[in-house]
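Proteins get letters first, then strands, A, B, ... in listed order; numbering begins at 1 in each.
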Number of protein chains: 2
Amino acid sequence: MNQPKRYLDIVSDIRDMIRREKIRPGDRIPSERELAETLQVGRSTLREALRSLELLGLIETRRGEGTFLSDHRNHKLVEVLSTFILQDNQSQEDVWQTRLVHEVAAIRLVCQNEALDGIRVWDSFRKKLESEENILREDFVREVMVLSGNRLSLKIWFLLQQYSGNPYAEAVSGPERELLKPILSALEQRDTELAIQSFKSWSGWIQKRRMQNGDDS
Amino acid sequence: MNQPKRYLDIVSDIRDMIRREKIRPGDRIPSERELAETLQVGRSTLREALRSLELLGLIETRRGEGTFLSDHRNHKLVEVLSTFILQDNQSQEDVWQTRLVHEVAAIRLVCQNEALDGIRVWDSFRKKLESEENILREDFVREVMVLSGNRLSLKIWFLLQQYSGNPYAEAVSGPERELLKPILSALEQRDTELAIQSFKSWSGWIQKRRMQNGDDS
DNA sequence: ACTTACGAGTGGCCAGACCACTTTCAAATT
DNA sequence: AATTTGAAAGTGGTCTGGCCACTCGTAAGT
C-alpha cells in the first residue's frame with residue numbers, strides 16, 4: 001500500500017496549526033527548524049511543504065527574517081496560471097475584451113451596490129479634469145475596480161491590464177477628456193446603463209487609437 | 001541583494017526541458033538524481049520544485065517508478081487553496097461573481113456574433129433534456145464558454161469553475177431542467193437580453209441551493 | 001516453461017553541515 | 001551620555017550523503 005505523501009500531511013498540519021494558534025495574515029509562523037521539531041519531520045521534508053505553499057502564494061518567506069502568512073486575498077492563483085495562459089500567444093483582442101468585461105462588471109457593481117460610495121473618488125477626478133491635471137487611464141479604471149470590492153476580479157484585471165499594452169499607461173489626452181465627463185456624471189447619479197455605455201465609448205476610442213498606432217512588441 | 005528563489009528557476013528549467021524534449025502528458029521525466037545532476041542543483045532543492053509542481057497537479061510521482069507528466073489537471077491546488085483561502089465568504093462570493101461575469105460575457109458574444117453558430121450544440125442539449133438524460137451543469141456552461149471563442153476567458157473560467165465548489169459538478173436536477181429550457185430557446189433565437197436574464201435566473205437558483213446545503217469542510 | 005529471488009533504479013525521508021542574510025544588543029568609541 | 005560598531009544569534013537557502021520502501025526486469029533455481 002502506498003503511503004500517503006508526507007508533505008501533504010505537513011500541509012494539513014500547518015494549516016491546522018495556523019487555525020489553532022489564530023495566526024493572522026502577515027504574522028510570522030514558527031521557523032523551519034522549530035516546525036520540523038514539533039511536527040517530528042526532517043527539515044527538508046518540511047521545506048517541500050513550505051515551498052509548495054509559497055508557490056501557491058499562501059505564505060511568504062524572507063531570508064534572515066522568517067516565514068509569514070501572506071494575505072491570501074492576493075492569491076497567486078492567477079499568476080500561476082498566467083504562465084500557462086501566456087504561452088499560447090493569445091491574441092491581444094482576447095485580452096482586451098476580457099479586461100473590458102471585468103471593467104464593465106465593476107461599473108455595474110459600483111452603480112448598483114448602495115454600500116459602495118465613490119463620491120470622493122469621482123470628485124477628485126472631476127477636479128483633475130477641470131484643472132487640466134494629468135490623468136492616467138489606468139488610474140481611473142483602477143479606482144473603479146478597487147471600489148467594486150471584488151478583490152479577485154481586481155487581481156485578474158491588474159494582470160490583464162499589464163498585457164493590454166501601452167495605451168492604458170498613457171495619460172488621457174485632450175479631446176479624450178470630454179469622453180470621461182459623461183462617465184463621471186453617470187457614476188455620480190448611479191445610472192448603470194448610461195455609465196456602461198459611456199465607458200464603452202471611451203474604451204472604443206482608446207482601442208481605435210491603439211489600432212492606428214500599430215503594435216509594439 | 002535578495003537572490004531570486006532558486007526553486008522557481010528550477011520550475012522554469014523543468015518546464016523548458018519538457019517543452020524542448022517534447023515530453024507528452026503521461027511520459028516519464030528524468031529521475032530526481034539525474035535532473036539534479038543536469039541542472040547542477042542539490043537533490044533536495046530540486047525536490048522542492050518537484051513537490052510544488054506536484055501540488056499544482058502538473059506532475060505525478062510514483063515511488064519506485066519515477067516522475068511523470070500528469071495527463072489531466074488533477075489540481076490538488078484546488079483542494080489546498082480551498083481549505084486555506086476560501087474559508088471566508090467574501091472570497092467564495094468573489095469567485096462566484098467573477099465566474100458569472102465571464103459566463104454572461106460569453107453568452108453575449110455567442111448571441112451577437114453572427115459567425116458563432118451553436119445550433120448543433122443547443123440541439124444536442126435539447127435532446128438530452130427531453131430524453132431525461134443526465135446533464136452536468138458545468139458541461140452546458142463549458143460549451144457556451146468554448147463557443148464564445150475567447151480562449152483566455154475560457155481558461156480563467158475553467159479555473160474559477162473548479163473553485164466554485166460541488167454545485168457546478170452536479171447534474172441538473174428535475175425542476176431545474178425547466179430553467180434550462182428558456183436559456184436554450186433564447187440562445188437559438190439569439191435574443192441576447194433574454195438569454196442573459198434566464199441564465200441569471202438559473203445561476204441564482206443554483207446559488208440558493210448552494211447556500212442552503214451549507215458548507216462541508 | 002514457470003516460479004522465485006535478487007539487484008538496480010526510483011522516490012521518500014532524514015541528519016548535518018555551510019552559506020547569506022537580518023535583527024539585536026552589548027561593547028567600544030565619540 | 002549619545003552614538004557607532006560589530007559580534008552573535010536566529011533565519012531561510014542549499015548541498016551532501018545516507019538509509020528506507022517500493023517497483024520492475026532479469027537471472028537463477030525449480
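For A:F68 and D:dG12, the CZ to P distance is 8 Å, given to the nearest whole Å. As rounded to whole Å, 12 Å separates atom C1' of D:dT11 from atom CG of A:L35. Taking atom CD on A:E32 and atom P on C:dC21, their separation rounds to 17 Å, with Å as the unit. For the pair A:R33 CZ and C:dC19 C1', the interatomic distance rounds to 11 Å; values are reported in whole Å. Whole-Å rounding puts the B:E54 CD to C:dG11 P distance at 11 Å. Atom-to-atom, CD of A:E34 to C1' of D:dG10 comes out at 11 Å; the value is rounded to the nearest Å. A:E65 places its CD atom 5 Å from the P atom of C:dT23, with the value rounded to the nearest Å. One can place CZ of B:R51 at 18 Å from C1' of D:dG13, the figure rounded to the nearest angstrom.
For the pair B:R126 and B:W122, the cation-pi test (distance below 6.0 Å, angle within 45°) is failed.
In summary, the side chains of A:N150 and B:T98 do present a donor paired with an acceptor at a separation below 3.5 Å, with no hydrogens or angles considered. With no hydrogens or angles considered, no side-chain donor-acceptor pair links B:Q207 and B:Q97 at under 3.5 Å.
With contacts defined as side-chain heavy-atom distances shorter than 4.5 Å, the pair B:I156/B:H102 qualifies. For the pair A:V101/A:W157, no side-chain contact is recorded, criterion being any heavy-atom separation below 4.5 Å from C-beta on. Counting only heavy atoms from C-beta outward, the side chains of B:E54 and B:T67 never approach each other to under 4.5 Å. A heavy-atom distance below 4.5 Å is not found between the side chains of B:D9 and B:V41.
If you check residues 38-50 of chain B against DNA chain C, the residues with a heavy atom closer than 4.0 Å are B:R43, B:R47, listed by number.
More than 12 non-hydrogen atoms from other residues, nucleotides or ligands lie less than 6.0 angstrom from CD of A:E21.
Not one side-chain nitrogen or oxygen of A:R63 sits closer than 4.0 Å to the OP1 or OP2 atom of D:dT14. For the pair A:T67 and D:dT11, the criterion of a side-chain N or O lying under 4.0 Å from OP1 or OP2 is not met.
Under the ring pair (Phe, Tyr, Trp, His ring centres under 6.0 Å) criterion, no residue pair touches residues 27-68 of chain A, with sequence neighbours excluded.
The overall bend of the helix from C:dA1-D:dT30 to C:dT30-D:dA1, read as the angle between its terminal helix axes built from five base pairs each, is 20° when rounded to 10 degrees.
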